[in-house]
2 protein chains.
Amino acid sequence: MSAGATRDAIVKRADALFYEGGFGATSFSDIAGLVGISRGNFYHHFKTKDDILDAVVALRMERTRRMLDAWEAEGGDPRQRILSFVHMLVANRAQIMAFGCPVGTLCCELAKLDHAAQHKAADIFGLFRDWLAVQFRALGMPARSEELALHLLAWSQGVAVLAAAFRDEAFIRREVATITAWLDGLASNQSD
Amino acid sequence: MSAGATRDAIVKRADALFYEGGFGATSFSDIAGLVGISRGNFYHHFKTKDDILDAVVALRMERTRRMLDAWEAEGGDPRQRILSFVHMLVANRAQIMAFGCPVGTLCCELAKLDHAAQHKAADIFGLFRDWLAVQFRALGMPARSEELALHLLAWSQGVAVLAAAFRDEAFIRREVATITAWLDGLASNQSD
DNA sequence: ACAGAACTAGGACGACTGTCCTAGTTCTTC
DNA sequence: GAAGAACTAGGACAGTCGTCCTAGTTCTGT
């Protein structure tokens, strides 16, 4: 029954704690307390704290992949799919205002720690970038699809950072509206 | 002679370490080693680690203020002043790709730590926002000046996050060019 | 020259960290 | 039901953390 159940619980709780408190500030005790297991029990499932981080990054990677697949399967047009991505800012606004973007803040923390997992964390961004590039290509702009994808990714990251700094929900909604307008103006006016 | 010289050295080194390694990951020993003083000596200058953080934030605030004043004193037009702000991304590209934006990453870390100094750190963003708003007003768009200021601030933050995640210098330069074009299109076409 | 403030070095302190060990329990498989 | 794997609790471990104390040095003003 417990085929990795405890392990999954550890990763799940660690995922939340790494997001809400940061990787460095989260201790084994914190995770153990939340999961409800002994602290010394970790070693059977993960040899080091970095192994937990790897598992958390893999979990987020997988979750992201499933989310993108779901958006793809919903069967709207590319514009609608891109808006699904942008709408994350509104849907997760409470968490974003409290803790920032899970991917962006983890990447920045790992960059400062010069941590080996930083590249894997950035790969989650890569997943979004590639998926967005596909959508832009489907929108009829193959030449600049990757640039546009990175641009939109950066835009949403900036919104997340400032939303966290100022705890400003109205700002999020305003920027999402601006992004939507920018997107609609893209097809007709390809100067921006 | 030493009228706060040691204290200033502590703050100066702590500022760099907080930026390059993060607040939580920087210890008294790290700072002491860099300054070249005894670890126990801190208590005479700062009662707690949070006091050092306060001093660092105050230092960054003051440094930002001086920078904005200098841009103001250079005597260009508002467009030129805004470009001075944007050009920071290029001028500091090496550090940004390695550690992100000093203000953005600190705000995000303090948000996760639920730290009392988070508001003070966000005030540095406030300084940029208000200064940028003044420039946009001088550009002839008083109604949306604050929104435009926040928008540009978020834009540059997004560039910093993704530049750090992907270590992509070309991306920085490309986005800076896009921002410049956006800025030049603002006065004539006020739809964006 | 001298009193008092300012400053410093070194280390003690309790708490907590990540890691690892050991002994015991539960489960799976035959 | 027995053998072996999978799992768990509890604590030992060396190290580091932020904080704080004490004793000694250096500086300042008179």
Side-chain angles (χ1 to χ4, degrees), chain A residues 1-58 106 109-110 112-118 120-121, chain B residues 1-58 106 109-110 112-118 120-121:
Chain A
M1 298 309 106
S2 65
T6 302
R7 201 196 121 99
D8 289 350
I10 290 173
V11 176
K12 181 184 162 192
R13 304 298 193 169
D15 173 47
L17 286 171
F18 288 176
Y19 175 38
E20 296 167 13
F23 169 67
T26 299
S27 72
F28 279 65
S29 298
D30 295 332
I31 307 172
L34 215 59
V35 176
I37 61 170
S38 167
R39 215 174 70 263
N41 195 2
F42 278 89
Y43 194 63
H44 188 263
H45 299 281
F46 302 96
K47 276 196 272 292
T48 67
K49 195 185 179 186
D50 291 346
D51 288 346
I52 303 184
L53 177 61
D54 284 341
V56 166
V57 171
L106 182 63
E109 181 180 1
L110 296 183
K112 283 178 195 286
L113 297 178
D114 205 15
H115 197 286
Q118 201 247 335
K120 290 182 195 167
Chain B
M1 298 307 106
S2 66
T6 303
R7 201 196 121 100
D8 289 350
I10 291 173
V11 177
K12 181 184 162 191
R13 303 297 193 171
D15 173 47
L17 286 171
F18 288 176
Y19 175 38
E20 297 167 14
F23 169 68
T26 300
S27 72
F28 277 66
S29 298
D30 295 332
I31 308 172
L34 216 58
V35 176
I37 60 171
S38 167
R39 215 176 70 262
N41 195 1
F42 277 89
Y43 194 63
H44 188 261
H45 300 281
F46 301 96
K47 278 196 272 290
T48 68
K49 195 184 179 187
D50 291 346
D51 287 347
I52 303 182
L53 178 61
D54 284 341
V56 167
V57 171
L106 182 63
E109 181 179 2
L110 296 184
K112 283 178 194 288
L113 297 177
D114 205 16
H115 198 286
Q118 201 248 335
K120 291 181 194 168

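Throughout, a chain's letter reflects where its sequence line sits, starting with A, and its residues are numbered from 1.
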Indicate the atoms forming the closest heavy-atom contact of F18(A) with I31(A), along with that distance.
CE2-CD1, 4.4 Å
Just how far, in rounded Å, is P of dA12(C) from CZ of F42(B)?
19 Å
I31(B) CD1 to dT16(D) P, in whole Å, measures 17 Å
In whole angstrom, what separates D51(B)'s CG from dC20(D)'s C1'?
14 Å
Can you tell me the distance, in whole Å, between the CG atom of N41(B) and the P atom of dA23(D)?
17 Å
So which nucleotide from dA12(C), dT8(C), dT19(C) ends up closest to the side chain of H45(B)?
dT8(C)
Looking at the base of dG10(C), is there any donor atom on it, or on the side chain of S38(B), that sits under 3.5 Å from an acceptor on the other one?
yes
Give a yes/no answer on whether the side chain of H44(A) brings an N or O atom under 4.0 Å of OP1 or OP2 in dC20(C).
no
My understanding is that only one of K12(B), H44(B), H45(B) makes a side-chain contact (heavy atoms from CB on, under 4.5 Å) with R7(B); could you say which?
H45(B)
Could you give the CD1-to-C1' distance, from I52(A) to dC20(C), as a whole number of Å?
14 Å
If I take atom CG in residue L53(A) and atom P in nucleotide dT19(C), what distance separates them, rounded to the nearest angstrom?
12 Å
Give the rounded distance in Å between these two atoms: CG of D8(B) and C1' of dC7(C).
15 Å
From dC17(D), dT19(C), dA9(C), pick the nucleotide closest to the side chain of I37(B)?
dA9(C)
Go nucleotide by nucleotide along DNA chain C from the 5' end; which of G40(A) and A25(A) gets its closest nucleotide reached first?
A25(A)
Y43(B) has a side chain; which of dG18(D), dA9(C), dC20(D) sits nearest to it?
dC20(D)
Give a yes/no on whether any side-chain N or O of T6(B) is located under 4.0 angstrom from OP1 or OP2 of dT8(C).
yes
Qualifying side-chain hydrogen bond (donor to acceptor under 3.5 Å, both in side chains) pairs, either residue in residues 14-38 of chain A, two or more places apart:
D15(A)-R60(A), D15(A)-R63(A), S27(A)-D30(A)
Looking only at non-hydrogen atoms, find the nearest pair between F23(A) and E109(A) and report the distance.
N-OE1, 3.0 Å
Over how many whole Å does the gap from F28(B) atom CZ to dA9(C) atom P extend?
15 Å
I want to verify a distance call: between dA9(D), dT17(C), dT19(D), whose nearest atom is closest to the S27(A) side chain?
dT17(C)
The side chain of R39(B) lies closest to which of these nucleotides: dG18(C), dA9(D), dG18(D)?
dG18(D)
More than 12 foreign heavy atoms under 6.0 Å from NZ of K49(B): is that the case here?
yes
